[in-house]
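So the structure is just underneath, and the comments pick up after that.
Every chain is numbered from 1, with letters handed out A, B, ... down the list of sequences. Worth saying up front: this structure is predicted, and the values here are computed from it rather than measured.
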Protein chains: 2
Amino acid sequence: MSAPSYPEAILISERTIGRLAQYRRILTELVRDNLETVHSHQLALRCGGSAAQVRRDLMVIGAEGSPNKGYKCAKLLASLAEFLTQPGTQKVALVGIGNLGRALLSYSHKQQPGLLIVAAFDIAPDKTNKVIDGCRCFHIDTLESVIKEQNIKVAIIAVPGEAAQLVADRLAIAGVRGIVNFAPAPLHLPPSVFVENIDVTMSLEKVVYFAAKGTQSERNKSA
Amino acid sequence: MSAPSYPEAILISERTIGRLAQYRRILTELVRDNLETVHSHQLALRCGGSAAQVRRDLMVIGAEGSPNKGYKCAKLLASLAEFLTQPGTQKVALVGIGNLGRALLSYSHKQQPGLLIVAAFDIAPDKTNKVIDGCRCFHIDTLESVIKEQNIKVAIIAVPGEAAQLVADRLAIAGVRGIVNFAPAPLHLPPSVFVENIDVTMSLEKVVYFAAKGTQSERNKSA
DNA sequence: CTCACATTGTGAAAGTTTTCACAATTCATT
DNA sequence: AATGAATTGTGAAAACTTTCACAATGTGAG
Ligand SMILES: NC(=O)c1ccc[n+]([C@@H]2O[C@H](COP(=O)([O-])OP(=O)(O)OC[C@H]3O[C@@H](n4cnc5c(N)ncnc54)[C@H](O)[C@@H]3O)[C@@H](O)[C@H]2O)c1
Ligand SMILES: NC(=O)c1ccc[n+]([C@@H]2O[C@H](COP(=O)([O-])OP(=O)(O)OC[C@H]3O[C@@H](n4cnc5c(N)ncnc54)[C@H](O)[C@@H]3O)[C@@H](O)[C@H]2O)c1
């Protein structure tokens, strides 16, 4: 017996996972447009990377293309979808129904296959106990019970910076394993919770800097 | 005489610039709270990095701290502000007054010292020729003239993906040198224009992946 | 005044990510 | 069938980023 002692599941970098998600989005379009096959350099063009990088990324999920013909769109899309976990499957919670929160609700709602925000929370009574863009809005007091009831594992934080850590702690205790954080404050959480920060002000300041000084190529990318 | 032939202005990485912007934000708070000095490890805690990294970052702008006492908050803030170009100085344009665009307008408006959105554009007549959150909204047809008139160098794109490249081209021709792009499409522009992509869907998918699989530490960060 | 200590500044090591470059493979055409 | 052109898969190099670790340096206590 003894656990098979896997070759220690090769861990895949955050960067690579992000790009794989992009490839999925692109392939969804290609398949919709009835494209049969696609070359690495075409994918590179559509995501802003290099062909070599596309091939390397696809290597990690064991995708196979054929020389001179490239990758089969449908097959590759299926591989990516399986690898990344089906979209639409994951239920997402939103905390903070302010200006940004409402934009995200309308966005989630519109996305075709995308991730779905199924519950939103706020502390302001006038924002709760209603349905916005098809999503039920609850008072923050019910956060734990709703998250557990619906077995939600992913959340988005869109509350003011001062409230972010408190909200994050509660989410983590309620069982959330991954958070997208829009508040400009670092979250201190156990490493079992994955956090992705989106800091719009920081991005703007970067752009201001490089717009003023000489630019720095528009390489790499994305949040 | 002869131009001093600078030691070839050491080019500073995008990552570092982003963190310097974070330090500035943190220091603004510290100064507001009348803190005299700050240690590298305190800054690290408040931005989610390591003390060594903070020191290395500050090194590139030639900041000086004193052993055992750390950095002088006021002086460091001044150095950062000078290095990054004064905030509030830079005028920003917004293209796309949809759900996200309006959230950004209200945000810009609220930010204390922050970057200021001074002109917004949309193609829909019902969104233009009014003032939202203190920002004048114009029809997209007037983009070139307004941008040139106000000498705007930085813009935010918040239009649907299909329109993004077209808008970007027009911005670049009008003289914009840096763009924050929220549309999930890569922009192909001359390298003299700096582009920072913020891809919310990609970030969410990353979080979904790492929430499902074992996590990957909440290291590094931000957009 | 001297000592013990906390902290900076930084060269060098370690780690990570991207790019290069090329053999192997497939397909279209002759 | 053989040739040539295009493209994949991937080891190895290059480039870049972070961490380590420690000498140098102020600071405050005794
Ligand atoms: N608006 C933007 O475009 C934008 C862009 C980038 C980042 N952000 C960040 O996103 C966050 C939200 O921004 P916003 O513009 O939507 O602000 P907002 O003030 O419009 O909305 C914040 C919402 O959070 C709610 N809230 C406050 N404390 C709470 C708590 N403890 N629990 C639950 N809900 C609480 C408020 O009632 C409000 O509805 C802020 O941290 C902001 O810095 C906003
Ligand atoms: N809403 C979100 O939370 C969110 C999050 C991440 C990314 N995004 C992306 O940001 C962009 C905008 O999202 P949104 O939710 O605000 O969409 P939206 O449909 O609410 O707004 C888009 C706006 O762009 C305008 N527009 C369309 N074509 C234009 C053109 N050629 N020139 C000028 N204006 C034009 C429309 O009139 C509309 O007002 C999209 O690319 C979306 O994928 C949105």
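Closest heavy-atom contact between B:Ile147 and B:Ala93: CD1-CB, 3.9 Å.
We find that CD of B:Glu14 is positioned 9 Å from P of D:dT17, with the value rounded to whole Å. Rounding to whole angstrom units, CG of residue A:Asp57 and P of D:dG9 are separated by 13 Å. In this entry the distance linking CD1 of A:Ile12 with P of C:dT17 reads 12 Å, nearest Å. To the nearest angstrom, P of C:dT10 lies 16 Å from CD of B:Gln53. Rounding to whole angstrom units, CZ of residue A:Arg19 and P of C:dT16 are separated by 15 Å. We find that CG of A:Leu58 is positioned 8 Å from P of D:dG9, with the value rounded to whole Å. Rounding to whole angstrom units, CD1 of residue A:Ile61 and P of D:dG9 are separated by 11 Å. A:Arg55 has its CZ atom 10 Å from the P atom of D:dT7, to the nearest Å.
Residue B:Ser40 is in sugar-phosphate contact alone, with no base atom involved, counting any heavy-atom pair closer than 4.0 Å across all strands shown.
Electrostatic pairing of B:Asp199 and A:Arg25 counts as a salt bridge here, judged by a charged N lying under 4.0 Å from a carboxylate O. Look at B:Arg46 and B:Glu29 and you find a salt bridge, because one of the NZ, NE, NH1 or NH2 atoms lies within 4.0 Å of a carboxylate O, short of that distance. Using a 4.0 Å cut-off between charged nitrogen and carboxylate oxygen, B:Glu14 and A:Lys206 count as a salt-bridge pair.
You won't find any donor-acceptor pair under 3.5 Å spanning the side chain of A:Arg56 and the base of C:dT17, going by distance alone.
Near DNA chain D, meaning a heavy atom under 4.0 Å from it, residues 63-73 of chain B has B:Pro67, B:Asn68, B:Lys69 in order of number.
Counted by atom type alone, A:Thr201 and B:Tyr107 present one or more donor-acceptor pairs between their side chains at under 3.5 Å.
Distances shorter than 4.0 Å separate none of the side-chain N or O atoms of A:Arg15 from OP1 or OP2 on D:dT17. Taking 4.0 angstrom as the limit, A:His39 places a side-chain polar atom (N or O) nearer than this to OP1 or OP2 of D:dT8.
Annotation: side chain of A:Phe182 is in contact with side chain of B:Val200 (closest heavy-atom distance under 4.5 Å).
The nucleotide whose nearest atom lies closest to any side-chain atom of B:His41 is, among C:dT7, D:dT18, C:dC22, C:dT7.
Take B:Tyr209 and apply the ring pair (Phe, Tyr, Trp, His ring centres under 6.0 Å) test, not counting sequence neighbours, and it matches A:Phe83.
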